[in-house]
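For reference, the structure discussed in these notes is given below.
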Protein chains: 2
Amino acid sequence: MEKKDSHCDPREVLERKQLARTAPRIAILEKLIRSDRAITVNDLVSEGMDMDRVTIYRTLNTLRDKGIVREIPTSSGTNYYEMACRHNPLHPHFYCTSCRSMTCLPPLAGGEMKAWLTLPEGLLARDLTVSISGLCGRCDGAPVRKEKEK
Amino acid sequence: MEKKDSHCDPREVLERKQLARTAPRIAILEKLIRSDRAITVNDLVSEGMDMDRVTIYRTLNTLRDKGIVREIPTSSGTNYYEMACRHNPLHPHFYCTSCRSMTCLPPLAGGEMKAWLTLPEGLLARDLTVSISGLCGRCDGAPVRKEKEK
DNA sequence: TCACGGATGCAACTCGTTTGCAACAACGGG
DNA sequence: CCCGTTGTTGCAAACGAGTTGCATCCGTGA
């Protein structure tokens, strides 16, 4: 399982996306690739990542912008991150609003919504949210950074 | 369209859920019922809601806990809210990461995922997130409020 | 090996949301 | 209809995730 697959090698991932192979990026990617679940910035910090929090935030944003990682928002305001490669296909996530834990659910079989609502034993669903993010017509191409919304 | 439907009357909604019919709650519900899109706390404030922000936050949390409104998280940390009644069936949302606007997409036809990815003209999807929130096995029943996650 | 441009670290900050507490008001019993 | 209980509101302060400015550092390509 520790195969030298190009999609599992931080350096190759970075090179393919034309990103500098720096120590922080490699370390974060290694952690993300090894993890079997989506993780937060705090997870990275508390597991001995010896770097500034800001670096983690910036790195994750870069990886997200390049399509290397998926960003999963939660109602608590904490974002979770996971690898976005073919080894980790799109799947629903279950977020416990009480203990604030994030669980990956099995990938979609055929994309039927019903299957998504068939939850593993013990999980009690309160809400299903499908959110698609990207750029709307007005913003296509030119990102507007800090514009106050009316 | 301004029908005296029980699902569209703030007072009846509150009574059915055994919540006190206070002015702030009625005002917020009225706004949510009238709105054709999901809105934020800032939307409520900037549209002349004459009450403390804290009251809005607490009210929305209460309505969410009672299943009256749906809470839609975004990666920017801002939550959006919309009515969760049969007049407003479950539907995907499109969030522009640039201008931070939220758009409601047509309800699911048959629940097929493919249909969700057929976006209206102009929208450029970067990521699809399916998140189911609720209570996990450990938390079933007893909400743990402020426990630090490891 | 060198210079350049992008990446990092630090400090300070923004912003959405929560919490503690005192004042207040909705609601059911008398 | 009034009154006490209980839940709700307002205010101030705090919290926590994430961002920004700037000086320094270091990968990268020549």
Side-chain angles (χ1 to χ4, degrees), chain A residues 10-29 38-46 49-66 69 71-81 95 97-98 100 102 143-149, chain B residues 10-11 14-29 38-46 49-66 69 71-81 95 97-98 100 102 143-149:
Chain A
R11 291 165 177 280
E12 290 193 40
V13 171
L14 292 172
E15 182 168 36
R16 206 174 323 121
K17 298 289 183 169
Q18 317 227 54
L19 292 172
R21 279 146 279 169
T22 64
R25 286 177 179 170
I26 292 168
I28 289 173
L29 271 175
I39 58 179
T40 65
V41 168
N42 274 336
D43 290 336
L44 289 169
V45 169
S46 64
M49 285 272 145
D50 189 25
M51 66 193 76
D52 199 276
R53 299 182 78 91
V54 177
T55 302
I56 301 181
Y57 283 115
R58 281 197 273 232
T59 299
L60 289 173
N61 283 348
T62 303
L63 298 177
R64 184 225 319 118
D65 290 344
K66 290 286 183 175
V69 303
E71 186 177 57
I72 303 136
T74 68
S75 53
S76 73
T78 311
N79 287 328
Y80 282 71
Y81 296 88
Y95 181 66
T97 50
S98 179
R100 299 168 189 211
M102 181 71 79
V144 184
R145 269 281 150 156
K146 211 50 193 299
E147 200 181 22
K148 277 281 193 284
E149 55 232 275
Chain B
R11 292 167 178 280
L14 291 171
E15 182 169 37
R16 205 175 324 121
K17 298 289 184 169
Q18 316 228 55
L19 292 171
R21 277 145 281 169
T22 64
R25 286 177 179 171
I26 291 168
I28 289 173
L29 272 176
I39 57 178
T40 66
V41 169
N42 273 337
D43 290 336
L44 288 169
V45 169
S46 64
M49 286 271 146
D50 188 26
M51 67 192 75
D52 199 276
R53 299 182 76 90
V54 176
T55 302
I56 301 181
Y57 282 113
R58 281 197 275 233
T59 300
L60 289 173
N61 284 348
T62 304
L63 297 178
R64 190 236 301 123
D65 290 344
K66 291 285 184 176
V69 304
E71 187 177 56
I72 303 136
T74 69
S75 53
S76 73
T78 310
N79 287 326
Y80 282 71
Y81 297 87
Y95 181 67
T97 51
S98 178
R100 298 167 190 214
M102 180 71 80
V144 184
R145 269 284 152 157
K146 210 51 190 299
E147 200 182 21
K148 277 281 193 282
E149 56 234 273

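Per chain, numbering begins at 1; letters A, B, ... match sequence-line order. In what follows, every heavy atom counts, from backbone to side chain, and hydrogens, waters and symmetry copies are set aside. Keep in mind that this is a model prediction, so the values were computed, not measured.
- Considering only heavy atoms from C-beta on, Val54(A) stays 4.5 Å or farther from Val41(A) through its side chain.
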Do Thr59(A) and Met51(A) pass the side chain to side chain contact (heavy atoms under 4.5 Å, CB included) test, and can you show the C-alpha distance, the side-chain angles, and the key distance before you say yes or no?
CA-CA 11 Å; Thr59(A) 299; Met51(A) 66 193 76; 5.8 Å; no
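- One can place CG of Asp52(B) at 13 Å from P of dA13(D), the figure rounded to the nearest angstrom.
- Summary for the helix from dT1(C)-dA30(D) to dG30(C)-dC1(D): the axes at its two ends, each from 5 pairs, differ by 40° when rounded to the nearest 10 degrees.
- Counting heavy atoms from C-beta outward, Arg100(A) and Thr78(A) have side chains that stay 4.5 Å or more apart.
- When the P atom of dG7(D) is taken as reference, atom CD of Gln18(B) falls 12 Å away, rounded to whole Å.
- Donor-acceptor pairing under 3.5 Å is lacking for the side chains of Tyr95(B) and Ser75(B).
- For the residue pair Thr40(B) and Asp43(B), a side-chain donor N or O sits within less than 3.5 Å of a side-chain acceptor on the partner.
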Collect all protein-nucleotide pairs involving nucleotides 21-24 of chain D in which both atoms are nitrogen or oxygen and the distance is under 3.5 Å.
residue	atom	partner	partner atom	Å
dG21(D)	O6	Arg58(A)	NH1	3.4

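- In this structure, the CZ atom of Arg25(A) is 12 Å from the C1' atom of dC26(D), given to the nearest Å.
- Rounding to whole angstrom units, CE of residue Met49(B) and P of dG10(D) are separated by 12 Å.
- Taking atom CG of residue Asp43(A) and atom C1' of nucleotide dA17(D), one finds them 14 Å apart after rounding to whole Å.
- In the set dG10(D), dG9(C), dT17(C), dG10(D) carries the atom at the smallest distance from any side-chain atom of Met51(B).
- For the pair Asp50(A) CG and dG9(C) P, the interatomic distance rounds to 8 Å; values are reported in whole Å.
- The phosphate of dT17(C) has OP1 or OP2 within less than 4.0 Å of a side-chain N or O from Tyr57(B).
- For the pair Asn79(A) CG and dT19(D) P, the computed distance is 8 Å after rounding to whole Å.
- Taking only side-chain nitrogens and oxygens, Asn61(B) never comes nearer than 4.0 Å to OP1 or OP2 of dT17(C).
- In this structure the side chain of Glu71(B) reaches within 4.5 angstrom of the side chain of Asn61(B), judged on heavy atoms.
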Pairwise N/O distances under 3.5 Å, protein to nucleotides 27-30 of chain D:
residue	atom	partner	partner atom	Å
dT28(D)	OP1	Arg21(A)	N	2.8
dT28(D)	OP1	Arg21(A)	NE	3.1
dT28(D)	OP1	Arg21(A)	NH2	3.4

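- For Asn42(B) and dG16(C), the shortest distance from a side-chain N or O to OP1 or OP2 is below 4.0 Å.
- Heavy atoms from other residues, nucleotides or ligands lying under 6.0 Å from CZ of Arg53(B) number more than 12.
- Summarising the geometry, the separation between CG on Asp65(A) and C1' on dT19(D) is reported as 14 Å, rounded to the nearest angstrom.
- Taking each heavy atom of Ala38(A) and Met102(A) in turn, the nearest pair found is CB-CG, 4.3 Å.
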- Worked verdict on Asn79(B) versus Leu60(B) for side chain to side chain contact (heavy atoms under 4.5 Å, CB included): CA-CA 10 Å; Asn79(B) 287 326; Leu60(B) 289 173; over 6 Å; no
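- Counting all heavy atoms, side chain and backbone alike, Val69(A) lies closest to Arg64(A) at CG2-N, 3.6 Å.
- Looking at Arg21(B), its side chain never comes within 3.5 Å of a backbone N or O of Leu14(B) through a donor-acceptor pair.
- Here the side chains of Val13(A) and Ile26(A) are not in contact, with every heavy-atom distance at 4.5 Å or above.
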